[in-house]
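Below you'll find the structure, written out as C-alpha cells, and then a few comments.
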Amino acid sequence: MLAFLVMNQLAYRGAARPTELADAAHTGRSNLSKVVRRLEAAELVGRMANPLDGRETMIALTPGGREVAKRIVAASEMDFAEAIDGWDDAERERLEELLVRLVRDLDRRVGGEVQRVSGAPWGPPPSHWDPRTHGD
C-alpha cells in the first residue's frame, strides 16, 4: 500500500523530497527508504539532485514508472466517472464545491497541514473537473 501511495504522490507531484513523501504517506523516513529502494529495483522511480538545490535528493518516476502511474490514475478516474455517470452538470459542480469546501475547512483545522502534505497549491481550478473528459 505504501508503494502505491508513493507512486500516486509522484504521479501528481512529478518529483518530491523523501521527507515530503514520508509526510504525505504518514510514515517514517526509514520505512519510506525501504519502499523507494524496492521501487528503484523495479525501475519505477529514481533519485536525482534537486535542480534548485543540488545538495538535496529528489525522488521521481522513471519513464516506466510514469506509465504505471498513468494507468493507476486512469483506473481511479474511470471508477469515479462511472460512479457519477448519471449525475447532471449541476450535481457534479455542487459535489466539487462541497469537496473543496470540506478540504479547506479541514486544512484550517490542522493549521495548513493538508496543503503542506499534499504539495498542491490551493488556487481555484481553471475550470470544473469532469472525470468523463479528464485525460483526453
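These numbers come from the heavy atoms of this one structure, side chains and all, not from hydrogens, waters or symmetry mates. Position 1 is the first residue of the sequence, and the numbers go up from there.
- Looking only at side-chain heavy atoms (C-beta outward), Leu5 and His26 stay at 4.5 Å or farther from each other.
- For Glu43, the CD atom counts as loosely surrounded, since its 6.0 Å shell holds 12 or fewer non-hydrogen atoms of other residues, nucleotides or ligands.
- Minimum heavy-atom separation, Arg13 to Ala24: NH2-CB, 3.8 Å.
- Note on Leu98: it does not cluster hydrophobically with Leu106, by side-chain heavy-atom contacts below 4.5 Å among ILVMFWY residues.
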Just list the side-chain donor-acceptor pairs under 3.5 Å for residues 29-36, sequence neighbours left out, or say none.
from	atom 1	to	atom 2	distance (Å)
Asn31	ND2	Thr27	OG1	2.9
Ser33	OG	Arg29	O	3.0

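- Between the side chain of Glu77 and the backbone N or O of Ala74 there is no donor-acceptor pair closer than 3.5 Å.
- Residues Leu39 and Val68 are members of one and the same hydrophobic cluster, defined by side-chain heavy-atom contacts under 4.5 angstrom among Ile, Leu, Val, Met, Phe, Trp and Tyr.
- With rounding to the nearest 0.5 Å, the separation of CG in Leu95 from CZ in Phe80 is 5.0 Å.
- For the residue pair Leu61 and Arg66, the shortest heavy atom distance occurs at O-NH1, 3.0 Å.
- Arg17 places no side-chain N or O within donor-acceptor distance of the main-chain N or O of Met58, the cut-off being under 3.5 Å.
- In terms of heavy atoms, Ala69 sits closest to Ala11 at CB-CB, 3.7 Å.
- Hydrophobic cluster membership is shared by Phe4 and Leu21, with clusters built from Ile, Leu, Val, Met, Phe, Trp and Tyr side chains linked at under 4.5 angstrom.
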After noting the C-alpha distance and the side-chain angles of Arg94 and Glu97, does the key distance pass the salt bridge (Lys or Arg N to Asp or Glu O under 4.0 Å) rule? CA-CA 5 Å; Arg94 184 68 178 142; Glu97 290 166 7; 3.5 Å; yes
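- A distance of 4.5 Å separates CG of Leu44 from CE of Met7, quoted to the nearest 0.5 Å.
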Check against side-chain contact (heavy atoms from CB on, under 4.5 Å), Met48 and Thr57: CA-CA 6 Å; Met48 59 186 245; Thr57 298; over 6 Å; no
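- Here the straight-line distance linking atom CD1 of Ile59 with atom CG of Asn50 works out to 11.5 Å at 0.5 Å rounding.
- The CG atom of Asp23 lies 8.0 Å from the CD atom of Glu20; values are rounded to the nearest 0.5 Å.
- When atom types are taken as modelled, the side chain of Arg92 and the backbone of Trp87 share a donor-acceptor pair closer than 3.5 angstrom.
- Taking every heavy atom of both residues into account, Leu2 and Ala25 meet most closely at CD1-CB, 3.3 Å.
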